[in-house]
K.L.:
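One structure, as structure tokens, below. Some questions next.
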Amino acid sequence: MKGRIVVTTLGAALAAGFVIAQETPEVTVEAARTVQISRTSSGVPIEEISLKRRVSYSDLDLAMEAGVATLEKRVTEAANGACKELDKMYPLTAPSEMSCSKAATDDAMKQVHAAVEKAMQAKK
């Protein structure tokens, strides 16, 4: 009986690992802000705050222009929203919201382009 439980548990763990190993169709948008929150015990300021937003594209066909345009719009909206939230949390330390949004969008677009390239390769 003990052997069966171990085998079943091992089988469940392997199945769970397989699910985790599969690629999730999403882009991570990260908006960052430099602020002084606190200091380390040696006096060094701790200065970076960031918010991450996951943007799913599981419902999009990235081999089609419409799918790419929709994902780009979602990424831009996620970046804008994260930067606005950072601005509300840290209004006195905020750089321009536009530069925050641009940096977050530009960085996430690298992931978008990689996903589009993969979709185009899979379609061939």
Side-chain angles (χ1 to χ4, degrees):
M1 186 75 149
K2 228 179 201 182
R4 286 187 193 164
I5 292 172
V6 172
V7 170
T8 303
T9 304
L10 179 59
L14 290 173
F18 176 72
V19 171
I20 292 169
Q22 290 179 338
E23 184 177 324
T24 304
E26 66 185 22
V27 171
T28 302
V29 177
E30 184 172 7
R33 175 89 19 105
T34 302
V35 296
Q36 183 172 335
I37 300 169
S38 62
R39 292 186 176 272
T40 64
S41 58
S42 62
V44 177
I46 300 171
E47 298 182 343
E48 187 168 297
I49 297 291
S50 66
L51 292 176
K52 291 183 182 181
R53 298 288 184 265
R54 293 183 179 164
V55 179
S56 175
Y57 58 88
S58 62
D59 61 325
L60 302 175
D61 180 355
L62 297 185
M64 303 291 291
E65 284 185 41
V68 176
T70 299
L71 179 56
E72 288 174 344
K73 181 179 178 193
R74 289 177 187 177
V75 165
T76 301
E77 289 173 351
N80 291 339
C83 289
K84 283 180 183 180
E85 190 171 336
L86 280 174
D87 193 36
K88 286 178 187 174
M89 294 166 56
Y90 302 98
L92 299 176
T93 60
S96 77
E97 189 177 296
M98 191 166 92
S99 66
C100 172
S101 294
K102 180 173 177 4
T105 301
D106 289 350
D107 189 51
M109 286 301 172
K110 295 172 190 170
Q111 297 170 60
V112 170
H113 296 144
V116 170
E117 180 66 27
K118 186 174 181 178
M120 297 299 276
Q121 292 297 322
K123 193 149 190 156
K124 290 182 179 180

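Residue numbers start at 1 and run along the sequence shown.
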K.L.:
Taking side chain as C-beta onward, heavy atoms only, is Leu60 less than 4.5 Å from Arg74?
P.N.:
yes
K.L.:
Under 6.0 Å from the CE atom of Met89, do we count more than 12 heavy atoms belonging to anything else shown?
P.N.:
yes
K.L.:
What is the minimum heavy-atom distance between Ala78 and Val55, and which atoms define it?
P.N.:
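Heavy atoms of Ala78 and Val55 come nearest at CB-CG2, 3.6 Å.
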K.L.:
According to the salt bridge (Lys or Arg N to Asp or Glu O under 4.0 Å) rule, which pairs have a member within residues 61-72, sequence neighbours left out?
P.N.:
Asp61-Lys123
K.L.:
Apply side chain to side chain donor-acceptor pair (under 3.5 Å) to Ser56 and list each qualifying residue two or more places apart in sequence or on a separate chain.
P.N.:
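Side chain to side chain donor-acceptor pair (under 3.5 Å) check on Ser56 returns Ser58.
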K.L.:
Holding to side-chain contact (heavy atoms from CB on, under 4.5 Å), I want the full list of residues that pass it with Ala104, two or more places apart in sequence or in another chain.
P.N.:
Val29, Ala31, Ala79
K.L.:
What pair of heavy atoms forms the shortest contact from Val68 to Val116, and how long is it?
P.N.:
CG2-CG2, 3.7 Å
K.L.:
Search all heavy atoms of Glu26 against all heavy atoms of Tyr57 and return the closest pair with its distance.
P.N.:
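Looking at all heavy atoms of both residues, the closest pair is N-CE2, 3.2 Å.
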K.L.:
Looking at every heavy atom in both Tyr90 and Arg33, which two are closest together, and how far apart are they?
P.N.:
O-NH1, 4.3 Å
K.L.:
Roughly how far, to the nearest 0.5 Å, is NZ of Lys102 from CE of Met109?
P.N.:
10.5 Å
K.L.:
Can you list the residues that meet the side-chain contact (heavy atoms from CB on, under 4.5 Å) rule with Lys52, with sequence neighbours excluded?
P.N.:
Thr28, Glu30
K.L.:
Tell me, please, which residues at least two apart from Glu85 pass side chain to side chain donor-acceptor pair (under 3.5 Å).
P.N.:
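Testing Glu85 for side chain to side chain donor-acceptor pair (under 3.5 Å), a comparison that skips the adjacent residues, returns Arg53.
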K.L.:
Between Val27 and Ala108, what is the shortest heavy-atom contact and its length?
P.N.:
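So the minimum-distance heavy-atom pair works out to CG1-O, 3.7 Å.
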K.L.:
What residues form a side chain to side chain donor-acceptor pair (under 3.5 Å) with Thr70, not counting sequence neighbours?
P.N.:
none
K.L.:
Work out which heavy atom in Leu62 is nearest to a heavy atom in Gly67; give both atom names and the distance.
P.N.:
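Here Leu62 and Gly67 meet closest at CD2-O, 3.8 Å.
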